[in-house]
Structures are given as structure tokens and as C-alpha cells.
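Chain letters run A, B, ... following the sequence lines, proteins first and then strands; every chain starts at 1.
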Number of protein chains: 2
Amino acid sequence: MARRQGQQRRASIHDVASHAGVSAATVSKVMAGVTTVKSENAQRVFDAVELLGYRVDPLASDMRRAKRRIIGAIMPEFESEFFGQMVTQLESLAEQRGYTLVAASSRESEARETEILARMHDWRVAGVVLAPVRNEHGPAAAFMKANGMTGVLIDRVLSDDAFDTVSADSAAASAEVARELLGNGHRHILVIGLGEQAATVRARLDGFRATALKLAPGVRIDVVLAETDVEPLRAQLRDYFAKGERPTAVYSLFLKGTLVALSEFRRRGWHCPNDISLVGFDDAEWMQVTWPAIAAVVQPVRQIAGHAMEALFARIEGGEGPPIARLEPCKVLMRESVGPPGNGPHSGTARGT
Amino acid sequence: MARRQGQQRRASIHDVASHAGVSAATVSKVMAGVTTVKSENAQRVFDAVELLGYRVDPLASDMRRAKRRIIGAIMPEFESEFFGQMVTQLESLAEQRGYTLVAASSRESEARETEILARMHDWRVAGVVLAPVRNEHGPAAAFMKANGMTGVLIDRVLSDDAFDTVSADSAAASAEVARELLGNGHRHILVIGLGEQAATVRARLDGFRATALKLAPGVRIDVVLAETDVEPLRAQLRDYFAKGERPTAVYSLFLKGTLVALSEFRRRGWHCPNDISLVGFDDAEWMQVTWPAIAAVVQPVRQIAGHAMEALFARIEGGEGPPIARLEPCKVLMRESVGPPGNGPHSGTARGT
DNA sequence: GTGAAAGCGCTAACAT
DNA sequence: ATGTTAGCGCTTTCAC
């Protein structure tokens with residue numbers, strides 16, 4: 001039987017006040033936990049609150065206060081484990097401080113990113129956690145500066161002259177990947193990535209290359225970088241292998257690259273680690289259960305979220321001082337997709353389904 | 001050089017009014033697109049708006065209006081592709097109608113679910129899209145009813161006597177899976193799932209069983225259902241195989257079950273589809289690139305989100321009538337993880353890494 | 001056509 | 001210790 005939907009009017013602070021026989025101001029004080037209220041009156045307020053099911057309207061409350069207790073979060077996407085976990089963390093941390101998190105996805109578009117930011121500014125959010133599509137030099141960060149917004153930049157950033165930044169220590173993690181691969185004896189390695197996320201991809205590439213060259217000056221490092229999207233990368237990778245290149249290991253600088261690499265291996269009938277080794281930046285749940293399990297760099301989501309919120313609230317509460325750039329250490333999980341080179345010969349021909 | 005963060009006061013409607021030499025009421029009308037304003041005055045308002053960078057404060061605006069243009073979305077989690085895509089879709093649809101989506105994760109807890117809902121009620125959201133942890137009979141839906149909230153239930157629901165519901169047609173999809181597996185010759189199939197999400201899991205199980213039995217009355221269908229969490233399921237599955245059970249195919253009723261099944265196969269050294277076939281409810285990007293690719297039921301996220309929002313806005317705008325229960329058709333993607341049984345003998349001993 | 005007045009639900013000074 | 005007053009930024013009658 002269709003119950004009628006629709007909001008019956010909720011009790012307001014005045015309803016409570018008249019039920020309790022006090023003024024709205026007193027109710028407000030009781031709700032705020034001010035102790036200077038006569039305990040008898042406080043009790044009457046509590047009773048009325050109970051009776052009427054009264055709850056403070058956070059919007060009306062914020063309206064009067066100086067700052068709104070809303071934090072905005074802008075992520076490039078919500079579909080990956082990484083950003084999903086990030087939003088979950090941020091939400092929970094905001095909530096702990098009595099703030100509401102409003103999250104939005106820029107869907108990898110800088111234009112949308114700025115639009116969302118403008119809307120968050122309209123909402124007069126207390127602060128923003130921005131995971132920019134590209135890096136700290138994009139239009140969104142500029143908008144935040146121009147409008148005096150409070151914010152923290154995370155993930156695809158290194159450091160900024162106006163905002164605190166928190167990201168994974170890509171360079172250090174990549175250096176460790178280099179040590180592992182070189183230690184396994186690899187001397188011809190392909191690195192794949194998406195170029196425009198400059199900040200972090202550059203750090204990952206440089207960190208890898210520097211350490212690899214130090215450990216084995218003769219190592220050959222090929223790089224396949226696409227500009228914006230993942231499909232061009234797939235095409236470039238296909239060309240690369242079609243030319244007859246036969247690296248013994250691939251290091252993918254981002255999650256979708258790992259998927260692309262895997263699917264290209266499949267097309268050619270190569271198996272890890274016998275035909276080729278694979279390590280990816282960014283871990284995912286499925287990587288442990290595939291055969292073979294895929295080695296991956298695990299980003300410390302909780303630390304990034306935690307330090308981002310810490311920094312943000314410090315600024316919201318008026319904290320001064322130069323911006324701080326944090327790099328959080330990653331874990332590198334070496335799984336079965338990595339082994340010594342040349343365990344099995346490459347099959348020279350593609351043989352996919 | 002640390003630029004000072006912090007909001008300089010934004011222009012209010014009164015600032016615009018005085019700059020334009022009109023009243024706030026007129027500015028409000030111009031912003032709302034009312035046409036009865038003298039075009040000369042309208043122009044002066046536009047100029048002032050431009051000059052001051054004025055934008056309506058949506059919260060203050062909602063304060064005065066009857067209903068707030070905020071939609072709440074509550075998902076069990078944000079970490080999976082399915083719910084990530086769902087939130088992205090919902091956000092975009094809400095935005096198209098001039099609403100803001102506030103999303104929150106119940107983290108698979110009914111207690112938290114109700115808490116979040118209470119907070120959304122405090123926010124006086126216009127409506128809620130709730131993907132309940134369990135099913136339509138949980139405390140959250142009850143809270144919504146008790147408080148006269150407007151809402152739509154999605155995903156782990158079948159139908160409700162108070163709210164519109166939208167979910168994937170689990171039964172039909174499972175029937176198709178049954179046809180595929182039986183058609184391949186399987187006569188001993190294991191179905192695994194998580195029991196407490198009763199609504200959909202039950203539909204998936206029943207849909208599968210009914211069709212399987214119709215096609216081959218002698219088929220043996222084993223069921224391993226865990227109550228709440230995924231780890232107990234893993235344990236039960238391990239016991240099941242340890243007893244010497246050797247089904248030729250496994251149908252997992254939910255994503256994490258597919259991962260668990262895969263990892264158990266690995267422990268035992270079984271490969272798909274030669275040693276055992278596998279189909280999972282819920283698709284994921286990685287399933288196409290693993291070796292072998294995993295067959296999966298693809299839920300129509302866009303349709304679910306679209307119809308949910310349609311139904312929700314219809315109710316928000318006062319639509320009456322009995323609740324509608326929609327079932328959206330799924331796609332079943334048969335991939336390499338499914339083949340005829342007995343292509344290769346099971347290796348009787350575990351041989352994992 | 002336009003503006004004055006009255007709030008939405010709340011809180012913060014300031015009186016009392 | 002409590003109530004009164006004055007708004008936060010906006011919209012909406014309702015006179016003019």
C-alpha cells in the first residue's frame with residue numbers, strides 16, 4: 001500500500017523552546033553544550049528535544065556561523081579502488097570532526113574540475129581536498145588561489161607554492177622497483193605511462209631510471225608514454241612490440257597501463273613471468289588472485305587521506321606558514337609476475353583470442 | 001611564497017543590488033530568469049554581477065525555498081567499480097537537474113546506514129537514493145518511512161511497499177548463466193554467495209536453480225553461502241573442496257566471491273576452464289585481461305542510475321501512485337573461463353605458492 | 001515593473 | 001542564567 005511520501009514539517013528550535021518554556025537562545029545553548037544553563041531548564045529542553053525528535057538543522061546553523069562545516073572533495077574518478085578508498089577515508093575523517101564531505105568526480109577533465117570547484121566555492125565550503133587531473137599547475141588550483149579558498153592538493157602533485165600537498169612517494173617506490181627488477185637480472189626494461197599527469201609520472205619515471213642506471217649503467221630502458229588517453233597507449237605498445245622489441249620486463253606507471261600491458265601480453269600469448277615480467281604502480285584486489293599474481297606498488301591511501309585532512313583542518317583553523325609538501329612511503333609487493341628473464345623463450349607470433 | 005589562504009567576503013545579493021541601483025528583490029528575479037524585469041534594469045544587474053563575480057549562494061537560496069536542492073546517496077561502499085560508476089552517474093544526473101549530490105558510504109553496516117540517513121534528514125535533502133546493505137527491509141528504509149522521506153531503493157532490493165525500487169534483473173541473468181553452463185555440458189555446479197544480502201542473492205540463486213533443473217533435472221547444484229563476511233566464505237569453500245567435492249563449474253553470486261573462488265583455484269593449482277569453469281555475477285575491468293578472461297554478468301549501471309533518478313524526481317515533484325519495482329536486464333559475457341567440463345583432470349592435491 | 005517587509009532556522013551579542 | 005535583538009543570504013508575497 002503506497003504510503004504517502006513527503007516531508008511533514010520538522011520541529012524547529014522554536015517548537016522546542018515553547019515546549020520547554022524557554023527561549024530559542026537557551027535551546028541553542030543547550031544543544032551546543034554550554035554549561036551555564038540551569039540544569040532544570042536544560043532537562044526540560046532535553047525532554048522537549050526527545051519528545052519532538054528535534055535535531056539541529058546544520059544548514060541553518062552554518063548560515064549564521066562564520067564558516068560552513070562542509071569539506072569538498074574532488075577526485076578524477078570514482079571507479080578505481082584507489083580513489084574509492086580515498087573518498088571513504090576522507091568522508092570518515094570529515095565526519096569525525098563534525099563536517100560533511102561533499103564529493104564530486106571531475107571525470108578526468110580539467111574543465112569539469114574547475115566547474116565543480118566554482119560550485120563548491122558557491123557552497124562556501126570550509127576547505128577542499130583536490131586531486132587534480134593533471135598536476136598542481138592546472139586551472140583548478142589557480143581558481144582556488146584567485147578566490148582565496150582553503151585547500152589541500154593530493155595524489156598527482158609534488159609541491160605547490162600556495163597549498164599543502166600530500167602524495168605517494170613515487171620516486172622512492174620506483175627506485176625500489178628498479179632494484180628488484182635489476183636484482184632479478186633484467187637489463188632491458190620497458191616503462192609505460194600516461195604523460196600528461198606530469199607531476200607523478202615524471203617522478204616515477206625519473207626515480208626508476210636514476211636507480212636503474214646507477215645499478216647497471218648498461219641497462220636499456222625504453223619508454224612508451226601516451227599523452228592523454230589509454231587507447232593511444234595500447235596502440236603505441238602494440239607498435240612497439242610489432243617492431244620486434246623484446247624487453248624482459250615491463251614497469252607500468254599507472255593502473256590502467258598494467259591492464260593494457262596484460263592484455264597485450266595475452267594477445268601475443270606471453271605469460272608472466274616466464275616470457276616477460278610485469279610490475280605496476282597501484283595495487284588492486286584482483287592482482288593477488290590472478291594467475292600469476294601481479295607485482296604492484298601499493299599507495300598508502302590512509303596516510304595520504306589522514307595527512308591531507310590534518311593539513312586542511314590546520315589551515316581552516318587559521319594555521320599559517322609556508323605550504324608543506326608531504327611524500328608518503330609506498331610498499332612494493334613483489335608477486336609472481338616478476339622473475340628472472342629468459343626463463344622461457346618469447347613466442348614470436350601473436351596468438352590471441 | 002605562502003599566499004594567505006582564507007575566504008575574503010563574497011559579494012552578496014545586496015552588493016549587486018546597490019551596484020545596479022535596484023533592490024535585492026529585483027536582482028533575485030533577474031537571477032531566476034523572470035522576464036518581467038525592464039531590460040535596462042536587467043542589463044545593469046548583469047553588469048554588476050559580472051563586475052562583482054556574484055553567484056547565488058545555493059544554500060541560502062534553499063533556506064528560503066520549500067525544498068532543498070540536495071540529493072543524498074548512500075552506497076554500501078565506494079571501492080568497487082559498480083558503486084563507483086553508480087555514484088558517478090547519480091552525481092551527473094543530479095547535477096543536470098540543478099541538484100547537488102551528497103554521497104556517503106555505509107561501509108556495509110546497517111547501523112551506519114541509519115546514522116547517515118538521519119544526517120541526511122537533518123540536511124532536509126529533497127530525496128535519497130539508498131543502496132541498502134542488506135535489503136529493503138532494513139532499518140534504513142524503515143527510518144525513511146517513519147520520517148516521511150522521499151527516496152528510491154536500488155541494487156540489493158526486489159520491491160517495496162513504500163518506495164520505488166530499481167535493481168538488476170538477477171533472476172533472469174542467473175537463468176541465462178544456467179543455460180550457458182548446462183549447454184556446455186556441466187552437470188555438477190557449485191554456487192557461492194553471501195547470504196545476508198538476501199533480496200538479490202536469493203533471486204540469483206533461485207533463478208539459477210529453477211532454470212538449471214528445468215534443463216537437466218538430474219543436475220547437481222551445491223550451494224555454499226556465508227552469512228556476512230567474505231572470509232568465512234573462503235573457509236567454507238576450502239572445506240568444501242577439502243571434502244573431495246569436484247564440481248565442474250562454479251557460479252559466484254557476487255564479485256568478491258569470484259575473487260575468492262579464483263584464489264582457491266590457485267591454491268589447488270586448478271586452471272580455468274580446463275580444470276573448472278567459472279562465472280561471476282558482476283563484471284570488472286580486470287576480468288577481460290586476466291588469463292583466462294573471466295565470464296561475468298554485467299549489471300546495467302547507467303540504466304539503474306537513470307531510472308532511479310527518474311523515479312526519485314517524479315516523487316519529489318509530487319508524483320503519486322503505488323511504488324514501482326523495476327528490474328533492469330543484465331548482459332552475460334561468456335569468456336574463456338567457461339568451457340566444457342573434464343577437458344583436463346583435476347589435480348587432486350593443492351599446489352599453491 | 002519594482003521594492004519593502006517578512007521570514008527560512010539558527011546563533012551571537014548584548015541586555016537584563 | 002536567560003531572553004531580546006539582529007542578522008546570515010536569499011526568495012516571495014504584496015502593495016505600490
Side-chain angles (χ1 to χ4, degrees), chain A residues 7-46 48-49 52-70 98 100 119 121-126, chain B residues 7-46 48-49 52-70 98 100 119 121-126:
Chain A
Q7 359 252 34
Q8 52 247 39
R9 206 178 78 66
R10 288 190 67 172
S12 83
I13 199 170
H14 290 109
D15 301 325
V16 176
S18 58
H19 262 80
V22 296
S23 74
T26 302
V27 177
S28 177
K29 278 168 193 145
V30 173
M31 296 309 284
V34 172
T35 52
T36 62
V37 178
K38 212 190 337 180
S39 67
E40 189 202 310
N41 280 339
Q43 194 50 55
R44 305 177 55 134
V45 169
F46 286 134
V49 165
L52 301 173
Y54 172 72
R55 295 187 132 227
V56 176
D57 179 341
L59 251 65
S61 168
D62 276 1
M63 198 78 212
R64 187 58 229 277
R65 296 163 93 99
K67 260 188 179 99
R68 296 194 179 158
R69 284 157 304 179
I70 302 171
T100 297
R119 225 169 315 128
H121 189 214
D122 294 346
W123 273 59
R124 283 132 173 96
V125 295
Chain B
Q7 0 253 32
Q8 52 246 37
R9 205 178 77 68
R10 288 190 69 172
S12 84
I13 198 170
H14 290 108
D15 300 327
V16 176
S18 58
H19 262 79
V22 296
S23 75
T26 303
V27 177
S28 177
K29 280 166 193 146
V30 173
M31 295 311 284
V34 172
T35 52
T36 61
V37 178
K38 210 185 347 176
S39 68
E40 188 202 310
N41 279 339
Q43 194 51 56
R44 305 176 55 132
V45 169
F46 287 133
V49 165
L52 301 173
Y54 172 73
R55 294 185 133 227
V56 175
D57 179 339
L59 258 56
S61 168
D62 276 0
M63 197 78 214
R64 185 59 223 280
R65 295 164 95 98
K67 265 196 174 91
R68 296 190 179 162
R69 283 158 304 179
I70 303 172
T100 298
R119 226 170 313 128
H121 189 214
D122 294 345
W123 274 64
R124 283 134 173 92
V125 295

Enquirer: Hey, is the main chain of A:Ser12 close enough, under 3.5 Å, to the side chain of A:Asp15 for a donor-acceptor pair?
Expert: yes

Enquirer: Of the options D:dA6, D:dT4, D:dT11, whose atoms approach the side-chain atoms of B:Ala24 most closely?
Expert: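 Among D:dA6, D:dT4, D:dT11, the one nearest the side chain of B:Ala24 is D:dT11.
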
Enquirer: Taking only the side-chain heavy atoms of A:Ser61 (C-beta and beyond), determine which of C:dC10, D:dG9, D:dT11 contains the nearest atom.
Expert: C:dC10

Enquirer: So what is the end-to-end bend of the helix from C:dG1-D:dC16 to C:dT16-D:dA1, with 5 pairs used at each end and the value given to 10 degrees?
Expert: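 End-to-end axis angle for the helix from C:dG1-D:dC16 to C:dT16-D:dA1: 40°, rounded to 10°.
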
Enquirer: Rounded to whole Å, please give me the gap between CG in B:Asp15 and P in D:dC8.
Expert: 11 Å

Enquirer: If you look at every heavy atom in A:Ala60 and B:Met63, which pair is closest and at what distance?
Expert: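 Smallest heavy-atom distance, with atoms named: CB-CE, 3.2 Å.
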
Enquirer: Taking CZ from B:Arg65 and C1' from D:dG9, how many angstroms apart are they, rounded to a whole number?
Expert: 13 Å

Enquirer: Heavy atoms from C-beta onward define the side chain here; which of D:dC10, C:dT2, C:dC10 lies closest to that of A:His14?
Expert: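 Closest nucleotide among those given: C:dC10.
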
Enquirer: Salt bridge check: are A:Arg10 and A:Asp57 linked by an N-O gap of less than 4.0 Å?
Expert: no

Enquirer: Side chain of B:Ala25 only, please: which of C:dC10, D:dA1, D:dT12 is the nearest?
Expert: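 Comparing C:dC10, D:dA1, D:dT12 against the side chain of B:Ala25, the answer is D:dT12.
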
Enquirer: Does A:Ser12 make a side-chain N or O approach to OP1 or OP2 of C:dG9 shorter than 4.0 Å?
Expert: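 It does not, given that no N or O in the side chain of A:Ser12 lies less than 4.0 Å from OP1 or OP2 of C:dG9.
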
Enquirer: Is B:Asp122 close to A:Val56 at the side-chain level, that is, under 4.5 Å between some pair of heavy atoms?
Expert: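 A side-chain contact is absent here, since even the closest heavy-atom pair is not under 4.5 Å.
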
Enquirer: Can you check the B:Arg9 CZ to D:dC10 P distance for me, whole Å?
Expert: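 Those two atoms, CZ and P, are 9 Å apart.
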
Enquirer: Rounded to whole angstroms, how far apart are NZ on A:Lys29 and P on C:dA13?
Expert: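 Rounded to whole Å, this separation is 11 Å.
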
Enquirer: Give the rounded distance in Å between these two atoms: CG of A:Asp57 and P of D:dG9.
Expert: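 Spelled out: CG on A:Asp57 to P on D:dG9 is 17 Å.
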
Enquirer: Are side-chain N/O atoms of A:Arg68 and A:Thr100 paired as donor and acceptor at under 3.5 Å?
Expert: no

Enquirer: Figure out the CG/C1' separation between A:Asp62 and D:dC8, and round it to whole Å.
Expert: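 So the two atoms are 11 Å apart, to the nearest Å.
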
Enquirer: Which atom names give the shortest non-hydrogen contact between A:Arg69 and A:Pro58, and what distance separates them?
Expert: NH2-O, 4.1 Å

Enquirer: Side chain of A:Met63, heavy atoms from C-beta onward: which of D:dC10, D:dT2, D:dC8 has the nearest atom to it?
Expert: D:dC8

Enquirer: Touch check for A:Thr26, heavy atoms < 4.0 angstrom, all strands: base, sugar-phosphate only, or nothing?
Expert: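 The residue A:Thr26 makes sugar-phosphate contact but no base contact.
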
Enquirer: Which nucleotide wins on minimum distance to the side chain of A:Tyr54, given the candidates D:dC10, C:dG1, C:dC10?
Expert: C:dC10

Enquirer: Would you mind reading off the distance between B:Arg10 atom CZ and D:dC10 atom C1', rounded to a whole angstrom?
Expert: 14 Å

Enquirer: Hey, is the main chain of A:His14 close enough, under 3.5 Å, to the side chain of A:Ser18 for a donor-acceptor pair?
Expert: yes

Enquirer: Separation of A:Arg124 atom CZ from D:dG9 atom C1', in whole Å?
Expert: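 About 8 Å, once rounded to whole Å.
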
